[in-house]
Amino acid sequence: MKDKNVILLGPPASGKGTQARQLAGYLGVPCLGTGKLLRDEIERETAVGLEAKGYIEGGSYVPDAVILAMVESWLGENVDGWLMDGFPRTIPQAEALQESAIPPSRVIVLDVPRGDLELRITRRRECTGCGVTFAVDHLDEVICPDCKTPTLVSRADDALDSFKVRYENYEELTVPLFDYYEGLGMLDRVDGTQSPDEVFAEILKLVGG
Ligand code: AMP
């Protein structure tokens with residue numbers, strides 16, 4: 001039996017987004033990327049977007065209450081299973097998900113050392129056309145490999161200063177989730193320094209693929 005409700009955890013630029021897209025397709029479930037959802041809210045200048053903007057650009061976590069309201073409304077429309085990329089990131093968020101109609105069945109951590117993450121951050125680009133995030137081979141690349149429009153940009157929160165804050169938040173607020181999910185018997189770890197295909201193959205073994 002394949003796991004249906006999977007959480008991917010990992011530090012910024014550990015490859016969660018890339019793996020999440022692929023895994024959601026494989027499992028046939030919708031993927032919730034809270035970071036992507038927040039960036040859309042900012043772009044549309046909604047009340048949530050205006051509140052979240054300062055936190056995100058400085059590298060801080062957005063307050064739990066804002067995230068939980070957003071996730072609750074998304075979960076209400078996706079009741080048949082899901083994949084989580086970037087949620088939960090704090091113990092209160094994990095506890096709220098545990099009490100929801102569909103709690104997680106498996107939690108997979110992508111382990112990547114900090115030095116590798118800083119290198120990856122400088123190569124990460126987002127397509128403002130189709131929203132896909134990936135690593136470029138050349139720092140001046142602007143054409144999206146997926147939708148082919150010349151709209152690749154660096155994310156504002158990928159500046160090195162913001163990255164440092166994001167990493168510190170990850171260690172302080174998200175790493176405690178490892179013990180939380182270990183205690184529930186659903187935590188697995190994957191070496192995220194391998195190639196994306198190798199990481200995906202390991203994830204598939206874990207989810208019963
Ligand atoms: P991501 O695209 O997952 O790297 O998220 C980008 C940014 O959005 C993070 O650095 C946080 O500022 C914010 N964010 C995304 N998801 C959450 C969450 N579950 N809790 C708090 N902040 C979040």
Side-chain angles (χ1 to χ4, degrees), residues 5-21 23-24 30-44 46-75 78 82-100 103-104 107-110 112 114 116-118 120-128 130-135 152-178 180-181 192:
N5 310 307
V6 179
I7 297 172
L8 291 184
L9 289 180
S14 55
K16 291 189 302 294
T18 304
Q19 296 298 329
R21 272 197 301 278
L23 186 59
C31 174
L32 175 62
T34 39
K36 168 86 176 58
L37 218 58
L38 289 164
R39 285 188 289 281
D40 289 347
E41 299 275 350
I42 292 174
E43 176 121 12
R44 288 188 287 119
T46 62
V48 168
L50 293 175
E51 182 167 4
K53 191 173 182 338
Y55 292 104
I56 293 188
E57 289 183 355
S60 301
Y61 281 2
V62 173
D64 286 338
V66 176
I67 298 288
L68 287 174
M70 204 173 70
V71 172
E72 206 172 299
S73 119
W74 188 90
L75 280 176
N78 295 281
W82 44 251
L83 179 75
M84 297 287 176
D85 159 24
F87 176 88
R89 263 176 158 102
T90 64
I91 292 283
Q93 292 179 17
E95 287 172 346
L97 184 62
Q98 209 54 36
E99 282 160 21
S100 71
V107 179
I108 300 173
V109 180
L110 303 184
V112 179
R114 179 172 179 157
D116 293 27
L117 298 170
E118 289 191 10
R120 288 184 183 195
I121 282 281
T122 61
R123 298 200 164 270
R124 181 150 76 169
R125 298 289 181 277
E126 185 179 47
C127 176
T128 52
C130 67
V132 90
T133 300
F134 61 96
L152 294 187
V153 293
S154 287
R155 277 168 43 175
D157 60 347
D158 274 351
L160 213 51
D161 282 355
S162 296
F163 169 77
K164 288 192 172 124
V165 180
R166 290 165 75 200
Y167 192 81
E168 281 161 18
N169 274 311
Y170 173 75
E171 288 214 301
E172 187 186 330
L173 299 168
T174 304
V175 167
L177 298 187
F178 300 177
Y180 176 83
Y181 286 121

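Start at 1 and go down the list; that is how both ligands and their atoms are numbered.
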The single option from V71, L32, L97, V6 that satisfies side-chain contact (heavy atoms from CB on, under 4.5 Å) with W82 is L97
Pocket residues around ligand 1 (non-hydrogen, under 4.0 Å) come out as T34, G35, L38, R39, I56, S60, Y61, V62, I67, G86, F87, R89, Q93, R155, D157, R166
Non-hydrogen side-chain atoms of L9 and F87 separated by less than 4.5 Å: no
Could you tell me if the side chain of I7 sits less than 4.5 Å from the side chain of I108, heavy atoms only? no
The complete set of side-chain hydrogen bond (donor to acceptor under 3.5 Å, both in side chains) pairs with one or both residues in residues 11-21, sequence neighbours excluded, reads none
What one should report as the nearest heavy-atom pair of L110 and P11 is O-CD, 3.5 Å
More than 12 foreign heavy atoms under 6.0 Å from CD of E72: is that the case here?
-> no
